Undergrad: 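For reference, the structure I am asking about is given below.
On a predicted model such as this, the values are computed, not experimentally measured, just so you know. The residues of the chain are indexed from 1 along the displayed sequence. Only heavy atoms go into these numbers, but all of them, side chains included; no hydrogens, no water, no symmetry mates.
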Amino acid sequence: MNRNVVENNWKLRWHDAILNAVEVMDWDILAGDWNQTKGKVKEQWGKLTYDQLDMVSGRHDELVDKIQECYGVAKYEAERQVKDWGARNDAWFDQAARRIQKNDQRNAAMVRH
């Protein structure tokens with residue numbers, strides 16, 4: 001096999017692994033702040049009901065499945081939509097992370113006293 005092809009394949013897999021690691025972090029934030037996030041998700045995918053969003057409960061795979069089901073798109077397309085949505089909402093994710101961190105610190109302080 002051509003060395004360039006092998007090298008490019010490796011770079012692509014490494015790039016995907018890095019993107020997925022970042023995505024996992026974002027989804028941890030979403031799951032931790034799901035009640036706040038539901039409205040944001042509903043803005044993007046209005047056909048999803050709040051009952052469906054409750055079932056998703058911040059899980060990436062569940063959201064992709066529900067988008068597939070409601071919009072009749074392929075899994076690949078639903079994944080792409082979710083990734084694009086995540087990229088457009090990076091600032092919001094950062095705010096959610098800070099909110100969660102403040103709440104965790106507040107709860108820890110209450111437990112200590």
Side-chain angles (χ1 to χ4, degrees):
M1 188 180 262
N2 185 336
R3 181 174 181 215
N4 288 337
V5 171
V6 171
E7 188 173 314
N8 286 340
N9 264 345
W10 182 85
K11 285 179 184 176
L12 242 157
R13 281 190 304 236
W14 181 250
H15 182 261
D16 286 346
I18 291 170
L19 286 178
N20 289 335
V22 170
E23 185 174 310
V24 167
M25 181 186 71
D26 289 345
W27 282 94
D28 286 343
I29 293 167
L30 286 180
D33 199 26
W34 187 243
N35 285 331
Q36 294 286 330
T37 306
K38 279 192 288 193
K40 200 85 169 141
V41 173
K42 183 81 168 145
E43 285 175 16
Q44 178 66 36
W45 295 284
K47 288 184 181 180
L48 296 177
T49 67
Y50 283 107
D51 286 342
Q52 289 171 319
L53 292 175
D54 286 339
M55 290 171 50
V56 167
S57 192
R59 294 185 311 266
H60 175 266
D61 293 341
E62 288 291 321
L63 180 58
V64 168
D65 290 346
K66 295 300 177 194
I67 292 168
Q68 257 188 289
E69 181 183 310
C70 284
Y71 287 88
V73 297
K75 185 168 187 135
Y76 173 80
E77 174 59 20
E79 287 273 2
R80 186 196 61 76
Q81 287 181 21
V82 172
K83 275 190 178 184
D84 288 351
W85 175 78
R88 287 191 312 274
N89 287 285
D90 266 349
W92 194 86
F93 287 142
D94 290 343
Q95 290 173 347
R98 283 193 292 277
R99 227 179 7 254
I100 291 168
Q101 187 176 23
K102 278 183 187 176
N103 286 340
D104 288 348
Q105 288 171 348
R106 206 174 299 132
N107 292 339
M110 291 171 77
V111 168
R112 274 185 259 140
H113 293 290

Undergrad: Taking side-chain contact (heavy atoms from CB on, under 4.5 Å) as the test, write out the residues that go with D65, two or more places apart.
TA: Q68, K75
Undergrad: My understanding is that only residues two or more places apart in sequence, or in another chain, count here; which of them pass salt bridge (charged side-chain N to carboxylate O under 4.0 Å, His left out) with E62?
TA: none
Undergrad: If every non-hydrogen atom of V41 is compared with every non-hydrogen atom of L48, which pair is closest and at what distance?
TA: CG1-CD1, 4.3 Å
Undergrad: Can you sort out the partners of D54 under side chain to side chain donor-acceptor pair (under 3.5 Å), two or more places apart, ordered by chain and number?
TA: K38
Undergrad: Among the clusters formed by ILVMFWY side chains lying less than 4.5 Å apart, do V82 and Y71 turn up in the same one?
TA: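 As far as the 4.5 Å side-chain criterion goes, Y71 and V82 are connected within one cluster.
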Undergrad: Between atom NZ of K40 and atom CZ of R88, what is the distance when rounded to the nearest 0.5 Å?
TA: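 The CZ atom of R88 is 9.5 Å from NZ of K40, to the nearest 0.5 Å.
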Undergrad: Would you compute the distance between atom CH2 of W85 and atom CD1 of I67 and round it to the nearest 0.5 angstrom?
TA: 8.5 Å
Undergrad: Under a 3.5 Å distance rule, please check whether E77 uses its side chain to pair with a backbone N or O of A74 as donor and acceptor.
TA: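 Judged by distance alone, no pair lies under 3.5 Å.
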Undergrad: Please round to the nearest 0.5 Å and tell me the distance separating atom CD of Q81 and atom CH2 of W45.
TA: 6.5 Å
Undergrad: State which residues pass side-chain contact (heavy atoms from CB on, under 4.5 Å) with K42; sequence neighbours excluded, sorted by chain then number.
TA: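 Scan of K42 (side-chain contact (heavy atoms from CB on, under 4.5 Å), adjacent residues dropped) gives Y50, L53.
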Undergrad: Just to verify, what does D84 make a salt bridge (charged side-chain N to carboxylate O under 4.0 Å, His left out) with, not counting sequence neighbours?
TA: R80
